[in-house]
Student: 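Pasting a structure below so you can have a look.
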Amino acid sequence: MSETILLDRPSAAVEPRPQPPLGLLAEVTHRCPLRCTYCSNPLQLDPKSSELDTETWKRVFSEAAELGVIHLHMSGGEPTARRDIVELMRHAAEVGLYTNLITSGIGVDEAKLDALVEAGCDHIQLSMQGADEGITQRVGGYKGGFERKQAFARAVVARGVPLTLNAVIHRMNIHQVPEMIEKAVEFGAKRLEIAHTQYYGWALKNRAQLMPAREDVDRTIEEVETARERLKGTLVIDAVFPDYYARYPKLCNGGWGTRTFSVTPSGKVLPCHAAETITHLGFWNVRDHSLAETWYDGPAFEAYRGTSWMKEPCRSCERKHVDFGGCRCQALALTGDAANTDPVCIKSPLHESIGAMATTESAVAEPGAATYRGFRAG
Amino acid sequence: MAELRGIADDTVPALPRGVKFREDKARGRHVLLGPERIFEADPIATEILKRIDGRTTFKEILGQLTQLFTADEATIRPDVEALLTDLSDKQMVTL
């Protein structure tokens with residue numbers, strides 16, 4: 001279809017008008033009781049004083065629904081740290097968005113959970129740092145977290161709300177994958193995400209402490225496959241593997257400015273939640289522009305949408321419409337140029353060295369202490 | 001594709017908690033939504049899914065569809081069964 005459109009255009013370099021977005025990640029606050037070392041938030045967290053107010057978030061959700069967004073992922077930080085979270089949830093549901101609350105489960109008592117469910121929360125995704133108290137505390141920097149998460153998971157399931165557990169996997173907890181699968185079944189979750197750490201934000205800072213060994217990754221792939229078969233009809237397991245060991249890059253968010261986007265606590269509209277690391281892009285703010293204007297015409301969205309920005313080896317690559325050259329943030333972080341091919345790609349001159357770096361880092365016996373995320377440690 | 005299984009007349013299909021059927025105005029279609037999932041309904045699936053309200057029996061749904069499409073029940077029943085059992089396997093419909 002896009003071929004026909006291109007032929008009708010005066011210049012073949014003009015990309016077809018993008019489709020409306022399907023998903024919006026609303027990071028309503030960066031505040032969080034946990035201090036996870038793998039956090040994907042930026043090192044420079046938005047302080048509370050910069051957060052959008054209630055009315056602005058409600059307008060954003062109305063504009064998102066109007067624009068064509070289907071799924072709203074209410075996230076953070078810890079979204080329930082906002083006192084108006086129930087009001088925001090109610091508004092999102094009223095304008096017709098499918099609402100997903102992404103939470104640590106810490107600080108959400110049963111009364112707040114009831115209020116969120118009554119307000120129209122369709123689905124809850126609970127983070128899981130480990131399968132026991134020790135690992136959970138070590139990864140999240142919060143005492144007593146596992147017990148509270150377990151109670152929260154049971155409370156969600158008791159209310160009949162579908163629950164997904166999201167376990168971010170890295171060197172500190174990779175040995176617990178089988179136990180995490182068992183916990184997901186025990187809690188009554190419908191879905192489990194075994195999501196190997198992607199190295200952005202705090203995770204990139206702590207990469208040497210988080211990078212798992214190749215053989216441990218391979219083992220988890222087998223563990224997940226075996227469990228999937230055994231738990232068919234009980235638990236759906238989705239898995240994301242670490243791309244440093246991959247041959248081809250990941251299709252980042254379905255393609256830059258193609259399927260999903262994010263709004264930060266202070267209102268910046270980003271093609272992906274890590275995009276602020278590409279500092280030369282001009283990010284529009286919901287305070288100044290509507291979501292539709294930003295999605296279709298914002299300079300940050302136009303920068304890497306489609307394929308016309310590509311250099312070699314992407315430009316002539318047969319996979320350029322498959323993975324769109326991978327992740328722009330990773331290209332910048334690891335090669336110094338966001339328009340380079342994602343260096344995990346086998347066609348990148350850096351491919352070998354990325355894999356070797358991961359292997360070397362994961363082999364260090366005592367990688368030192370990881371930095372817990374925080375407002376001043378960036 | 002799911003294997004073909006029959007659905008009893010008195011079965012009452014329903015959408016489980018967390019699954020929603022709604023109009024997607026921006027794209028001129030209807031969609032069945034679950035967590036992280038979007039099932040695009042073609043016009044026929046839309047007519048079937050519209051009638052799933054947790055009260056109407058499978059037999060009654062078939063009756064409405066035979067009128068709508070002016071087709072006999074024997075013709076449409078296998079298609080409706082196939083759609084609903086497939087969605088049931090995906091936990092998007094309860095039977």
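Below, chains carry the letters A, B, ... as their sequence lines are ordered, and counting in each starts from 1.
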Student: Mark yes when over 12 heavy atoms from residues, nucleotides or ligands other than A/E66 sit less than 6.0 Å from its CD; otherwise mark no.
Tutor: no
Student: Search all heavy atoms of B/A26 against all heavy atoms of A/G68 and return the closest pair with its distance.
Tutor: CB-CA, 3.5 Å
Student: If you count every heavy atom of other residues, nucleotides or ligands that lies below 6.0 Å from B/K20 atom NZ, does the total exceed 12?
Tutor: yes
Student: Does A/K58 have more than 12 heavy atoms from other residues, nucleotides or ligands lying within 6.0 Å of its NZ?
Tutor: yes
Student: How far apart are the closest heavy atoms of A/P162 and B/R17, and which atoms are they?
Tutor: CG-O, 3.6 Å
Student: Could you tell me whether a side-chain N or O of B/R27 sits under 3.5 Å from a main-chain N or O of A/P20, the two making a donor and an acceptor?
Tutor: yes
Student: For the CD atom on A/E110, are there more than 12 heavy atoms of other groups (residues, nucleotides or ligands in this structure) within a distance under 6.0 Å?
Tutor: no
Student: Would you please name every residue forming a side-chain hydrogen bond (donor to acceptor under 3.5 Å, both in side chains) with B/T57, sequence neighbours left out?
Tutor: B/E60
Student: Tell me whether the count of non-hydrogen atoms from other residues, nucleotides or ligands lying under 6.0 Å of CZ in A/R59 goes above 12.
Tutor: yes
Student: I'd like to verify something: which residue of A/V161, A/I70, A/T164, A/N100 has the highest number of heavy-atom pairs under 4.5 Å with chain B?
Tutor: A/I70
Student: Quick check for you: among A/V69, A/T99, A/L22, A/D238, which has the greatest number of heavy-atom pairs under 4.5 Å with chain B?
Tutor: A/L22
Student: Can you list the steps and then say if A/V236 with B/E36 is a side-chain contact (heavy atoms from CB on, under 4.5 Å)?
Tutor: CA-CA 12 Å; A/V236 173; B/E36 312 283 341; over 6 Å; no
Student: If you tally heavy-atom pairs under 4.5 Å against chain B, which of A/Q125, A/R191, A/K232 wins?
Tutor: A/R191
Student: Hey, which of B/I38, B/V31, B/V19 has the most heavy atom pairs under 4.5 Å with chain A?
Tutor: B/I38
Student: Which pair of non-hydrogen atoms, one from B/R22 and one from A/Y98, has the smallest distance, and what is that distance?
Tutor: NH1-N, 3.6 Å
